[in-house]
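To start, the structure under review is shown below, and the notes come after it.
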Amino acid sequence: MLLEIDGISRDFGGVRALDGVGFSVEQGAIHGLIGPNGAGKTTLLNVLSGITPPSGGRVRLEGREIQGQPPHRVAALGMARTFQHIRLFAGLSCLENLIAGQHLKAKRPLLPRLLGLPAARREEEYWRGQAMDILELVGLKARAGFLASALSYGERRRLEIARALASQPRLLLLDEPVAGMRPESLDKVAAVVRTLAQAGMTILLIEHNMNFVMGLCSRITVLNFGRVITSGSPAEVSCHPEVVEAYLGAAVCHA
Amino acid sequence: MDALIQFWAVYGSLLNFMGINCLLGLSLYVTFSAGLLSLGNAAFYGIGGYTAGILTTHFGAPFPLALVAGTLMAGLAALLLGLPVLRLKGVFLAMATLAFGEVVRIAALNLKVTGGAEGLINIPVITQTWMIYLALAGAAYFLARLHRTRLGWAFQSIREDETAAAAMGVNLTLTKTLAFVIGALLAGLAGGLYAHLNFLITPGEFGFATAVNLLIFNIVGGTRAWYGPLLGAALLTALPEVLRGLGVTAGPIRLFVNGLILLLVILFLPKGLMALFQRRPAPAKG
């Protein structure tokens, strides 16, 4: 298991946002996290990525305990994420967003730069090439020089995924990657996620669009009121009586 | 040749002040580039100035040593101050650093070793114009190169979005502290040079007005590249002389023109004067 979540709780004052959440994400899986608004999905992602410390419980990434660690440590262990409300570097170009996103991998030391050594230029060319490859993957190569703030909504979502990829993570967390997107943009994101999974990356994603989740994910975990209702394959989950009642409505189950 | 000598006689000290102010503009620019709104750089300027000045005046220390000591002392003060206050953001950080500035000014006003309200006097006049511009050139080159290093990108990431920066691996505490300390080192260097330019330094020169001036240099010039604050500092330092040339001598009208320029820049050139020199902010270069 790449990621093991065990008994995670989080209280905000008197509100228990997460209550003993536990499930595992397999290496190479596209794992969906669904549930009604307020179920605790984003809180869980914040706990996993170190932005919100948990009140209790354990998280293991490749066997190593990471709960309560600051975000930059968790990132260094191979986890990258996007945000429900897009958090791009709006004043930088698309390419520069990725260059900044290479923080953990590209050393870019000061001394060769100060001396103007050719090694600094070669390193820069290499990482620039890496960034351009990722922009091509998400279909934004033609936008490389554009300011992030000049992109359309769908493009910004994809750029945020691209920036997360720039750190070459083993686990990618996506918080509503296709929220509010038109169907054709949605397909582009789905294609990107599939490509990444085929290349061996593990993806945990929150999404409300059921077609997207059911079509893409190999496993799904359902949260409600901060607890896991069930985890399983898309078919199992969509026919689970509690899931149908809490979230999906009866019409979805085709089993 | 005569014209040059005459020009120097009239404008030599203006060029010196311009260079010092440019260096101060750069010191705040570094801190700014990591999204930190600091009003403490005037105090670091004072710490550098008093440290270097006291060492040469009271202890007969050689000038280079005093300069290095002043620079390092300012950096050390920033390190100690940064640990508690860099948790604060935006206006709150500005308030905390402003309070620190007042503490430093009032300390200088009341301590014996700093000469109190009369200031530190009989400082040997050693600083030459070339020293100021050598320091400025070095600082500008350093910052221009720093921009494209790992640390430079981390500064920009934090300025743009702290949460996203942390999630992609930027150590916020370490990076912010470095931005704060590098800025203070430059301010301390400027202070040491300034102290040995003038016979005398007084606490009022390192107070609130100076802190705000540094901010204005950056806003007027622009904060997206190292030459922005240089433009701002050079223009605003030269402005009184230019106005004098135009026949405006009285005090208040100069402040009025200063304010007017600031207002016009904010309204029509939100990225500062440097926006006049580039088509797009911060183009991607290798």
Side-chain angles (χ1 to χ4, degrees), chain A residues 46 49-51 70-77 79-83 86-116 120-128 131 144-148 160 163-164 166-167 169 173, chain B residues 30 32-35 87 137-179 182 222-226 228 270-272 274-275 278-286:
Chain A
N46 286 343
S49 56
I51 289 170
H72 68 270
R73 291 250 177 79
V74 177
L77 292 171
M79 189 190 295
R81 67 167 294 176
T82 66
F83 295 87
I86 306 174
R87 286 180 173 276
L88 282 169
F89 303 143
L92 303 184
S93 74
C94 292
L95 180 62
E96 288 169 331
N97 265 272
L98 267 68
I99 286 174
Q102 291 165 339
H103 180 82
L104 285 166
K105 298 294 169 181
K107 294 281 171 277
R108 297 194 174 93
L110 178 63
L111 198 61
R113 286 242 142 216
L114 283 180
L115 301 176
R121 181 155 294 273
R122 277 200 300 274
E123 190 202 15
E124 206 46 60
E125 288 300 317
Y126 171 78
W127 286 108
R128 196 188 164 89
F146 284 46
L147 280 182
E160 212 193 10
R163 186 186 60 193
S167 69
L173 310 181
Chain B
V30 186
F32 239 23
S33 72
R87 295 161 191 276
Y141 180 77
F142 173 77
L143 295 182
R145 292 295 167 138
L146 182 73
H147 198 54
R148 300 291 172 201
T149 64
R150 189 167 185 256
L151 184 62
W153 284 111
F155 286 170
Q156 295 179 70
S157 305
I158 292 179
R159 183 192 64 204
E160 293 285 333
D161 191 312
E162 219 175 286
T163 306
M168 55 176 230
V170 174
N171 183 336
L172 296 182
T173 313
L174 178 69
T175 310
K176 286 182 181 183
T177 305
L178 281 171
I182 294 173
T223 57
R224 289 294 167 128
W226 58 272
K271 289 184 174 114
M274 61 176 280
Q278 53 180 201
R279 260 174 269 160
R280 203 182 68 63
K285 281 208 198 92

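Within every chain, numbering begins at 1; the chains are lettered A, B, ... in the order of the sequence lines, protein sequences first and strands thereafter.
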Partners passing side-chain hydrogen bond (donor to acceptor under 3.5 Å, both in side chains) against A:Glu123 (at least two apart in sequence or in another chain): none
Contact part of A:Leu114 toward chain B, heavy-atom cut-off under 4.5 Å: side chain, backbone, both or neither? both
Give a yes or no on whether the backbone of A:Ala100 and the side-chain of B:Gln156 come within a donor-acceptor separation of less than 3.5 Å. no
Could you have a look at A:Arg73, A:Lys107, A:Met79 and say which one has the most heavy-atom pairs with chain B under 4.5 angstrom? A:Lys107
With only heavy atoms counted, which part of A:Arg163 is less than 4.5 Å from chain B, the side chain, the backbone, both or neither? side chain
Part of A:Ala106 within contact of chain B (heavy atom distance under 4.5 Å): backbone
Pi-cation contact, B:Phe155 with B:Arg159 (under 6.0 Å, within 45°): no
Are any side-chain N or O atoms of A:Asn97 and backbone N or O atoms of A:Phe89, one a donor and one an acceptor, separated by less than 3.5 Å? yes
Report yes or no: does B:Arg150 contribute a side-chain atom to a donor-acceptor pair with the main-chain N or O of A:His103 at less than 3.5 Å? yes
Taking side chain as everything from C-beta outward and backbone as N, CA, C, O, which of these in A:Leu173 sits under 4.5 Å from a heavy atom of chain B? Side chain, backbone, both or neither. neither
